[in-house]
Amino acid sequence: MLQAIVIGGGATGAGILRDLALRGIKAALVEQGDLVHGTSSRYHGLLHSGGRYAVKDAESARECAEENQIVRRIAPFAVEPCGGLFVRLEQDDPAYAAQWVTACREAGIAVEELDVDRLRREEPLLAESVREAYAVPDASVDGWRLVQGNVAAAEAYGARVYTYRRVEGLLMSGGNVAGVRLRNLATGEEERLEAEMVINAAGAWAGQIAAMAGIQLDVVADRGVLLVYHGRLTSRVVNRLRKPGNGDIFVPTGSVTLLGTTATPVPDPDDIRVPAGEVEELKRLGAEMLPLAASARVLRAFAGVRPLYGSRSGGNTRELSRTFVVVDHKAEHGVGGLVSIVGGKLTTYRLMAERVVDVAASHLGVTAPCRTATEPILPPPDRGAMARITSLVGTERARAVADRHPASLPDIIRAMEEPGGRQIVCECEQVTAGELVGTARSLDNPSLGDLRRRTRLGMGTCQGGFCGYRAALALVRADLIPASRVPELLARFQAERWRGVRGGLGGLELRAAELNYALARSQLAMEPEAGGVGHD
């Protein structure tokens, strides 16, 4: 029997699984969709320096400052150390800026004041109204790579992962939790997993899981909308130096730039709608820092839901702490076998995992210490493998592929060496047919959305409008799917991409895009409502 089951396949759940495995605890993870389909991939991709929270939330600021350095060290394949800025505009309070500098230094955050005239030459799109600027150790982090790396490391130590399994109930024994009852979304069958401990890391859904054991767990689902701009508008993360608010951060990542975010409490954690008013608000506020944001091309808009710990059902959720809480339900509610973790951020995922596994391990009688802060998640790529892939696609693309697939690079290389394997499928993200096919071979019945999360397919300019077709063709040619599945796969993939495109456009741009989407659907007789398993 398993010793522990982790509910939730985001960054926290994956970090918990790795920590359990490193301590020698026999564990499995269950996730209702694909790994990283929820909150851990629906955010701005910032590895916090802690500066954002320095004045209002010193505990979160210190946690971020410390974990920022740890994540850079243990997961270099997921971090782009681009650096960050905090800029005060003419209309922003100079007294707050002085308070912020003091708070950052007290929290251990490295802050360096920059010469504004020199900064404008380095970041020419910044507004003329910038009056002060400070460098901080912000970075961008790829949530997909981080989770995949943690899961691969855990599996190497014997952990198991079950995706597309929805938790429908908790198994109870003598008033204590003894496992989970699942619905396999691929087969429709019910499955049961028993374990001594269940760790509830379901994020915004954590309250629903706790309720299955008759426990009220206060979780506020806080929806944030973000915009994705074509190209990199800045070379560094740019934060606005004022009290935290909407539209105050730009994060360059991959081939795009993200602008975020808003903060709206919602009653349903599945509510990821993108209100048009919030899109316009983001553009207006973002343009105060980068005027080009008002007219630059927006590729898409999307929303994610933060799982904040607290009981506030409305009002300003920015007043709630961004730190995390571990709830031992045996101590708090008299229900053994269940521990929950709520709140926090992706930047602090490893610390969150350590704290909750400490509690679980004590109940299991395991005394092995946590090693996740000192051991790299995965070893660096083999030199021979890097030489092989560099000879195939060149140095820059080889590095990108190695970062995307740190645990399965040899399989990807073999697929790229096959006939047609070096053919580019996605120009924006430079995804080859070999990378796509090699990734698909490691998955069970993959959707194009599953492949997008692992390769960045369809995340650039065309938003899948061209590369989606090529990807489906590559899968057919490799005998990974029958040709009869192509319309269904494309329908689901393009419907998801289209939701984001529609949310970010307006006026004539939206009408032109509507026409193109309608033509594509009619030519291939695609229906977005097509069934099948997969989170596209």
Side-chain angles (χ1 to χ4, degrees), residues 44 46 48-58 60-61 82-107 109 111-138 222 224-229 232-252 257-264 275-298 301 315-320 322 504 506:
H44 44 43
L46 173 66
H48 280 278
S49 62
R52 173 54 63 208
Y53 308 114
V55 172
K56 188 69 178 178
D57 195 344
S60 289
C82 55
L85 302 169
F86 272 76
V87 297
R88 183 182 69 81
L89 307 184
E90 184 174 18
Q91 61 267 42
D92 296 331
D93 182 6
Y96 180 84
Q99 184 184 10
W100 175 84
V101 170
T102 299
C104 282
R105 289 175 175 153
E106 290 176 350
I109 302 165
V111 178
E112 178 189 1
E113 186 168 8
L114 303 177
D115 179 85
V116 173
D117 291 334
R118 177 178 175 182
L119 177 62
R120 284 206 184 90
R121 292 193 292 273
E122 296 173 353
E123 301 287 354
L125 297 183
L126 279 176
E128 288 294 323
S129 59
V130 172
R131 292 293 177 266
E132 290 181 79
Y134 298 86
V136 294
D138 280 340
D222 186 43
V225 172
L226 301 104
L227 304 184
V228 183
Y229 282 94
R232 294 174 70 109
L233 303 184
T234 64
S235 63
R236 289 171 278 195
V237 175
V238 179
N239 303 268
R240 186 159 176 179
L241 182 45
R242 63 174 184 180
K243 292 181 180 179
N246 291 352
D248 59 7
I249 184 170
F250 287 90
V251 181
T257 303
L258 280 74
L259 167 62
T261 175
T262 58
T264 305
E278 293 187 30
V279 171
E280 293 308 312
E281 180 188 19
L282 285 174
K283 288 182 180 178
R284 176 178 57 79
L285 292 172
E288 293 180 2
M289 282 194 294
L290 267 71
L292 186 62
S295 56
R297 183 183 177 193
V298 174
N316 183 7
T317 52
R318 293 194 185 276
E319 296 300 318
L320 292 176
R322 264 46 176 176

(message) Please give me the minimum heavy-atom distance between Ala133 and Val116, naming the atom from each residue.
(response) N-CG2, 4.3 Å

(request) Please list, chain by chain and in numerical order, all residues satisfying side-chain hydrogen bond (donor to acceptor under 3.5 Å, both in side chains) with Glu122, sequence neighbours excluded. (result) Arg118, Arg236

(request) Calculate, to the nearest 0.5 Å, the distance between atoms CG and OG1 belonging to Leu282 and Thr261 respectively. (result) 6.5 Å

(request) Quick one: pull up CG in Asp92 and CG in Leu241 and give me the separation to the nearest 0.5 Å. (result) 7.0 Å

(request) Give a yes or no on whether a salt bridge exists between Arg52 and Asp57, defined as a side-chain N under 4.0 angstrom from a carboxylate O. (result) no

(request) Please name the residue in the list Val251, Val237, Thr234 that meets the side chain to side chain contact (heavy atoms under 4.5 Å, CB included) test with Cys82. (result) Val237

(request) Indicate whether any N or O donor in one side chain lies under 3.5 Å from an N or O acceptor in the other, for Asp138 and Asn239. (result) yes

(request) Without swapping roles, check the side chain of Glu123 against the backbone of Ser235 for a donor-acceptor pair under 3.5 Å. (result) yes

(request) Applying side-chain hydrogen bond (donor to acceptor under 3.5 Å, both in side chains), name anything that partners Arg120, two or more places apart in sequence or on another chain. (result) none

(message) Tell me if the centroids of the rings in Phe250 and His44 come within less than 6.0 Å of each other.
(response) no

Under 3.5 Å, sequence neighbours excluded: what are the donor-acceptor pairs made by side chains of residues 284-298?
residue, atom, partner, partner atom, Å
Glu288, OE1, Arg240, NH1, 2.4
Glu288, OE1, Arg240, NH2, 3.2

(request) Mind checking side-chain hydrogen bond (donor to acceptor under 3.5 Å, both in side chains) for Ser129 and listing every partner two or more places apart, or none if nothing turns up? (result) none

(message) I'd like to check the salt bridge (charged side-chain N to carboxylate O under 4.0 Å, His left out) partners of Arg121; sequence neighbours left out, ordered by chain and number.
(response) none

(request) Would you kindly say whether Thr262 and Glu278 are connected by a side-chain donor-acceptor distance under 3.5 Å? (result) yes

(message) Using a 3.5 Å distance criterion without hydrogens, assess whether the side chain of Trp100 forms a donor-acceptor pair with backbone atoms of Gly51.
(response) yes

(message) Set out, in order, the CA-CA distance, both residues' side-chain angles and the distance that settles side-chain contact (heavy atoms from CB on, under 4.5 Å) for Glu132 and Phe86, then state yes or no.
(response) CA-CA 8 Å; Glu132 290 181 79; Phe86 272 76; over 6 Å; no

(message) If the condition is salt bridge (charged side-chain N to carboxylate O under 4.0 Å, His left out), which residues does Glu106 pass it with, not counting sequence neighbours?
(response) none

(request) Applying side-chain contact (heavy atoms from CB on, under 4.5 Å), run through Val136 and Leu85 and close with a yes or a no. (result) CA-CA 6 Å; Val136 294; Leu85 302 169; over 6 Å; no

(request) Evaluate side-chain contact (heavy atoms from CB on, under 4.5 Å) for Leu258 paired with Leu227, printing each intermediate quantity in order. (result) CA-CA 6 Å; Leu258 280 74; Leu227 304 184; over 6 Å; no

(message) So, using salt bridge (charged side-chain N to carboxylate O under 4.0 Å, His left out) as the criterion, who are the partners of Arg242 when residues are at least two apart?
(response) none

(request) Could you point out which residue of Leu46, Val238, Leu259 forms a side chain to side chain contact (heavy atoms under 4.5 Å, CB included) with Ile249? (result) Leu46

(request) Please name all residues satisfying ring pair (Phe, Tyr, Trp, His ring centres under 6.0 Å) with Tyr229, sequence neighbours left out, ordered by chain then number. (result) none

(message) Taking side-chain hydrogen bond (donor to acceptor under 3.5 Å, both in side chains) as the definition, give me every residue that meets it alongside Glu90, ordered by chain and number, with sequence neighbours left out.
(response) Arg131

(message) Once side-chain contact (heavy atoms from CB on, under 4.5 Å) is applied, do any residues pair with Val101, and if so which ones, sequence neighbours excluded?
(response) Arg105, Tyr134

(request) Please say whether more than 12 non-hydrogen atoms of neighbouring residues, nucleotides or ligands are located less than 6.0 Å from CD in Glu112. (result) no

